[in-house]
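To keep things clear, I will list the structure first and then write my remarks on it.
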Amino acid sequence: MTDRAPTARTPAVEAAVEGELRLLDPEVRASPELLGALLHPEFTEFGASGTRWDRASIVEVLTADPAPGSRPTTTSGMRGVQLADDLVHLTFDTDDNGRRAHRSSLWRRTEDGWLLWFHQGTLFREG
């Protein structure tokens with residue numbers, strides 16, 4: 001077996017990672033305009049809660065009651081793969097005040113830039 005050197009992140013993967021991190025920013029999550037600007041019109045999410053969300057419903061729920069003073073969500077293990085010129089797949093883990101989830105996101109390049117097209121979260125526990 002040969003060790004492979006880590007692949008350099010493409011500009012597309014960097015743009016998707018930047019967008020993903022912006023989505024976790026409490027200021028962005030509190031603003032329907034800022035949040036909506038990062039979501040594709042056809043956005044779908046299968047949430048860690050088991051709920052299926054579309055663009056309008058996720059914007060409504062995330063911006064309805066921002067949790068002031070809560071610890072920011074942390075990420076780890078962020079990895080990205082450019083699947084096509086206009087498609088990036090990200091995987092990572094989050095910890096939101098002890099609620100841990102594996103995450104998977106598909107970002108699509110549009111005329112408006114890179115937008116989140118699909119997201120799924122799955123809760124997990126260590127061990």
Side-chain angles (χ1 to χ4, degrees):
M1 182 184 284
T2 319
D3 287 339
R4 294 182 3 186
T7 56
R9 285 187 174 174
T10 66
V13 170
E14 288 293 336
V17 168
E18 181 180 313
E20 196 73 57
L21 294 175
R22 286 194 67 223
L23 282 170
L24 295 172
D25 181 328
E27 184 176 315
V28 171
R29 292 173 88 85
S31 166
E33 294 79 22
L34 294 175
L35 184 62
L38 293 169
L39 301 178
H40 192 279
E42 298 172 3
F43 172 79
T44 301
E45 176 175 337
F46 297 138
S49 65
T51 304
R52 182 181 179 147
W53 306 95
D54 63 12
R55 186 179 185 277
S57 62
I58 200 69
V59 168
E60 181 179 338
V61 75
L62 289 179
T63 61
D65 188 23
S70 69
R71 233 176 55 209
T73 300
T74 58
T75 64
S76 61
M78 182 82 69
R79 293 186 178 145
V81 176
Q82 186 168 355
L83 301 174
D85 287 343
D86 63 348
L87 188 65
V88 170
H89 181 221
L90 298 180
T91 57
F92 57 101
D93 292 338
T94 58
D95 185 334
D96 185 13
N97 294 306
R99 186 173 185 253
R100 302 187 70 197
H102 297 301
R103 306 273 176 187
S104 176
S105 295
L106 289 172
W107 286 79
R108 293 181 69 182
R109 182 177 17 226
T110 70
E111 291 177 0
D112 297 323
W114 287 92
L115 300 177
L116 183 59
W117 183 66
F118 176 81
H119 182 78
Q120 181 166 358
T122 305
L123 296 177
F124 76 95
R125 293 185 199 158
E126 279 302 316

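Only this structure's heavy atoms are used, side chains among them; waters, hydrogens and symmetry mates stay out.
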Report summary line: So CZ of Arg52 and CD of Glu45: to nearest 0.5 Å the spacing works out to 11.5 Å
Query - Leu90 CG to Phe92 CZ distance, which is reported to the nearest 0.5 Å - result: 6.5 Å
Query raised in the report: Within a strict 4.5 Å, meaning less than it, do heavy atoms of the Leu116 and Leu38 side chains meet?
Result: no
With sequence neighbours excluded, residues passing side chain to side chain contact (heavy atoms under 4.5 Å, CB included) with [X]:
{"X": "Thr110", "answer": "His40, Asp112, Leu115"}
{"X": "Pro32", "answer": "Val59, Thr63"}
{"X": "Ala15", "answer": "Trp114"}
{"X": "Val61", "answer": "Trp53, Ile58"}

Requested in this report: Using salt bridge (Lys or Arg N to Asp or Glu O under 4.0 Å) as the criterion, list what pairs up with Glu42, not counting sequence neighbours.
Outcome: none
Query raised in the report: By salt bridge (Lys or Arg N to Asp or Glu O under 4.0 Å), which residues pair with Arg55, not counting sequence neighbours?
Result: none
Query raised in the report: Only one of Gln120, His89, His119 forms a side chain to side chain donor-acceptor pair (under 3.5 Å) with Ser104, so which one is it?
Result: His89
Report summary line: Closest heavy-atom pair, Val13 versus Gln82, reported as atoms and distance to 0.1 Å, is CG2-N, 3.8 Å
Let me have the donor-acceptor pairs involving side chains of residues 16-24, under 3.5 Å, with sequence neighbours excluded, atom names and distances please.
| from | atom 1 | to | atom 2 | distance (Å) |
| --- | --- | --- | --- | --- |
| Glu20 | OE1 | Ser105 | OG | 2.8 |
| Glu20 | OE1 | Trp107 | NE1 | 2.9 |

Query raised in the report: Cut-off 3.5 Å, side chains only: do Thr91 and His102 have a donor facing an acceptor?
Result: no
Report task. Apply side chain to side chain donor-acceptor pair (under 3.5 Å) to Asp54 and list each qualifying residue two or more places apart in sequence or on a separate chain. Result -> Ser57
Query raised in the report: Excluding sequence neighbours, so at least two apart, what forms side chain to side chain donor-acceptor pair (under 3.5 Å) with Ser31?
Result: Glu33
Query raised in the report: Is there any salt bridge (Lys or Arg N to Asp or Glu O under 4.0 Å) pair reaching into residues 76-91, and which pairs are they, with sequence neighbours excluded?
Result: none
Query raised in the report: So which pairs with a foot in residues 99-108 pass salt bridge (Lys or Arg N to Asp or Glu O under 4.0 Å), sequence neighbours left out?
Result: Arg100-Glu126
Report task. Give me the other members of the hydrophobic cluster that Phe46 sits in, counting Ile, Leu, Val, Met, Phe, Trp and Tyr linked by side-chain heavy atoms under 4.5 Å, directly or via other members. Result -> Val81, Leu83, Leu87, Leu106, Trp117, Phe118
